Structure formats: C-alpha cells, structure tokens
Amino acid sequence: MVGRGTSSVRRAKQGLLLGAGLALLLVQGCGSVSNETTGSIQRPAQGRTVAQMNSTELQSAVRTYGAAYDRNPKDKPTGLSYAAALQMAGRNDQSLAVMQQMAIAHSKDRDVLAAYGKALAAAGDLPKALETIRRAQTPDYPDWRLYSAEGAILDQMGQQAGARTLYRKALDMQPNEPTILSNLGMSYLLGSDLKSAESYLRSAAAQPGSDSRVRQNLALVVGLQGRFEEAEKIATSELSPSEAEANVAFLKAMLSQQDTWSMLKDKDRAEN
C-alpha cells in the first residue's frame with residue numbers, strides 16, 4: 001500500500017511538472033537565436049516573445065512563420081521560430097516534425113540540436129531528448145542553457161540528484177538566472193520539499209527578466225502549501241484581466257489534479 005501511494009504521489013507531481021513550469025522552462029533551456037533563447041521566436045514588430053503572446057497573437061505567429069518555413073524549409077532562424085511557435089500553441093507533434101527536418105539540414109549545428117532535444121522532450125521522448133541535448137553540449141565550451149535543459153529532462157525522468165547538479169553548474173556560469181532557479185525550485189517540488197521549492201522560486205521571480213511562467217510556478221508551490229489567497233495574488237500580478245483569469249483557472253486545475261495537495265501532505269506526514 002505504501003509503495004502504491006508513493007507511486008501515485010510521484011505520478012501526480014510529474015503531472016504538475018509537465019503542466020506547469022519545468023517543461024515550459026525547458027523552452028528556455030537551449031541555445032540562443034538572435035538574442036532570444038531557442039524556444040522563443042525572434043521578437044516580432046510589437047516586441048513580444050512567443051511566451052508573452054496571447055492565443056490570437058500566437059496563432060498569427062504560427063501562420064506567419066509557417067508561410068516563411070514553407071518558402072524555405074532549410075532556413076535555420078525560420079525553422080527554429082516556427083517550431084517554437086508550434087510548441088507554445090500545443091502542437092508538439094508538428095513542432096517535432098519541423099525540428100526533425102531542421103536536424104537533417106543542420107546535423108552539426110548546436111542550436112538546432114538543442115532545439116531538437118527540446119522538441120523531443122515536449123513530445124515525450126525523454127531518452128532521445130537527453131541524448132540529443134548531450135550531443136549538443138561541448139565540454140570545452142559548455143552552454144549553461146544546455147545544462148539547464150539536461151537537468152529539466154533528468155527531473156522528468158525522476159533523477160533529481162543529477163538534475164540539481166546540472167542546475168548548479170548552470171548557475172555557476174549564469175548566476176541568478178531566473179529560468180535555472182525556477183527549474184531548481186520545481187526539482188525540489190518533485191522531492192516534496194515545498195519550502196526549498198518556494199525559496200528558489202521566490203528568488204527566481206525577484207530576478208530581472210523573470211516572466212509569468214516563473215510566477216506561475218511560485219503560485220503553484222505556494223498553493224500546494226495551503227496558502228491559496230496568496231497563490232492567487234501571485235498568479236494574477238502584472239497581468240491583464242483575461243490573462244489573470246486564465247492563470248487562476250490553471251492554478252485551480254493544477255491544485256485539484258488527482259487531489260495532489262492531499263497526497264503531498266499525506267506523504268510528508270508519513271516521512272516525518
């Protein structure tokens with residue numbers, strides 16, 4: 001019975017992780033393109049990244065980059081941008097198909113391999129994603145984004161110790177980077193250490209350049225500790241009314257998923 005309960009908690013936390021920040025922040029865990037991470041399309045005219053777009057803007061970006069990709073499917077910036085937009089729109093299989101073609105056309109390109117690994121992870125092929133990310137890394141000139149991406153994949157595979165080692169390597173290279181701190185916080189969520197998770201996520205949210213996904217992760221961890229009003233305030237800060245409403249709906253859905261909060265509390269009591 002104990003083993004079955006622990007397995008249920010693990011499945012619930014993995015579901016939270018995939019639905020919330022770690023998988024999303026893997027988008028920011030790879031190499032860069034035009035001063036944007038491989039997972040954020042190049043800034044359009046209105047100056048918004050794909051992570052900042054609403055659904056209407058995102059669908060427009062998919063159409064724009066799709067048309068450009070159709071004209072020149074081997075162009076690296078276009079392919080990376082199109083795949084990123086597709087992924088943010090939830091079209092993971094199509095994003096992976098684009099990146100497979102990009103990997104064929106640019107088989108030794110580090111940015112392309114990194115983005116391909118991200119697409120594989122989003123599509124659920126974690127072993128191949130890990131292999132691809134590691135192939136993109138170069139020991140003599142390592143990339144902190146790849147360390148963070150590799151850590152995110154290991155976390156989803158249940159290898160928290162290895163993941164945290166990689167996050168700390170990434171932080172040595174890029175101190176106070178909010179995406180790394182957020183991934184580290186979510187790693188502690190997987191280990192049911194909610195206080196450590198909150199500490200890292202608060203640090204991430206306080207850094208310049210942190211985005212709404214980091215605050216969404218923080219709201220989730222605060223909510224899991226029973227502080228629901230505080231969690232709602234965090235989830236809705238600095239957002240338009242429609243975005244705030246969507247974040248609150250997401251937060252409530254995640255907190256109710258498989259009665260995760262109750263299972264985490266039961267597991268903590270059993271371990272104390």
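Only a predicted model underlies this, so the values are computations on that prediction, with no experimental measurement involved.
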Query raised in the report: ring pair (Phe, Tyr, Trp, His ring centres under 6.0 Å) between Tyr69 and Tyr82: does it pass, once the steps are laid out?
Result: CA-CA 7 Å; Tyr69 175 79; Tyr82 183 39; 5.3 Å; yes
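- Considering every non-hydrogen atom in both Ala85 and Leu58, the closest pair reads O-CD1, 3.9 Å.
- Under the side chain to side chain donor-acceptor pair (under 3.5 Å) criterion, Glu198 pairs with Arg202, Gln225, Arg227, not counting sequence neighbours.
- Rounding to the nearest 0.5 Å places OG of Ser148 at 11.5 Å from CE of Met173.
- By the 4.5 Å heavy-atom criterion applied to side chains, Met102 and Lys76 are counted as neighbours.
- Using a 4.5 Å cut-off on side-chain heavy atoms (C-beta onward), Ser203 and Gln207 make contact.
- With sequence neighbours excluded, the residues satisfying side chain to side chain contact (heavy atoms under 4.5 Å, CB included) with Gln137 are Arg110, Pro142, Asp143, Leu146, Tyr147.
- Between Ala121 and Ala129 the shortest heavy-atom distance is N-CB, 3.5 Å.
- In this structure, the side chain of Tyr167 engages the main chain of Ala152 through a donor-acceptor pair within 3.5 Å.
- If you run side chain to side chain contact (heavy atoms under 4.5 Å, CB included) between Ile234 and each of Glu229, Arg215, Gln216, only Arg215 comes through.
- The side chain to side chain donor-acceptor pair (under 3.5 Å) test applied to Asn92 returns no partner, not counting sequence neighbours.
- Using a 4.5 Å heavy-atom threshold, the side chains of Met186 and Leu220 count as touching.
- At a threshold of 4.5 Å between non-hydrogen side-chain atoms, the residues Leu181 and Leu201 do not count as touching.
- Looking at heavy atoms from C-beta onward, Val214 lies out of side-chain contact with Thr179 at the 4.5 angstrom threshold.
- Judged by distance alone, the side chain of Thr64 and the main-chain N or O of Ser60 form a donor-acceptor pair under 3.5 Å.
- Across every non-hydrogen atom of Ile133 and Ala149, the tightest pair is CD1-CB, 4.2 Å.
- The two atoms that bring Ala197 and Gly185 nearest to each other are CB-O, 3.1 Å, heavy atoms only.
- Between Gln156 atom CD and Leu130 atom CG the span is 11.0 Å, to the nearest 0.5 Å.
- With rounding to the nearest 0.5 angstrom, the CG atom of Asp155 is 11.0 Å from the CG atom of Leu126.
- Remark: side-chain polar atoms of Ser187 are not paired, donor with acceptor, to backbone N or O of Asn183 under 3.5 angstrom.
- Here the closest non-hydrogen pair linking Gly151 and Ala163 is O-CB, 3.2 Å.
- Annotation for Ser210 and Ala204: closest pair CB-O, 3.3 Å, computed over non-hydrogen atoms.
- Pairs engaging residues 192-227 under the ring pair (Phe, Tyr, Trp, His ring centres under 6.0 Å) rule: Tyr188-Tyr200 [sequence neighbours left out].
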Requested in this report: Just do the side-chain contact (heavy atoms from CB on, under 4.5 Å) check on Gln94 and Gln87 with the steps written out, would you?
Outcome: CA-CA 8 Å; Gln94 191 176 353; Gln87 192 171 108; over 6 Å; no
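- Looking at heavy atoms from C-beta onward, Met99 lies in side-chain contact with Leu80 at the 4.5 angstrom threshold.
- Taking CG of Leu86 as the reference point, atom OH of Tyr65 lies at 12.0 Å (rounded to 0.5 Å).
- The cluster map of Ile, Leu, Val, Met, Phe, Trp and Tyr, joined by side-chain heavy atoms under 4.5 Å apart, puts Leu166 and Ile180 in the same cluster.
- Within the 3.5 Å criterion, the main-chain N or O of Lys74 finds a donor-acceptor partner in the side chain of His106.
- Taking the side chain to side chain contact (heavy atoms under 4.5 Å, CB included) definition, one finds that Ala68 meets it with Arg71, Thr78, sequence neighbours left out.
- Rounded to the nearest 0.5 Å, atoms CD (Gln160) and CG (Leu189) are 9.5 Å apart.
- Take Lys128 and apply the side chain to side chain contact (heavy atoms under 4.5 Å, CB included) test, not counting sequence neighbours, and it matches Tyr116, Leu120, Asp125, Thr132.
- Rounding to the nearest 0.5 Å gives a distance of 9.5 Å between CD of Glu150 and CD of Gln159.
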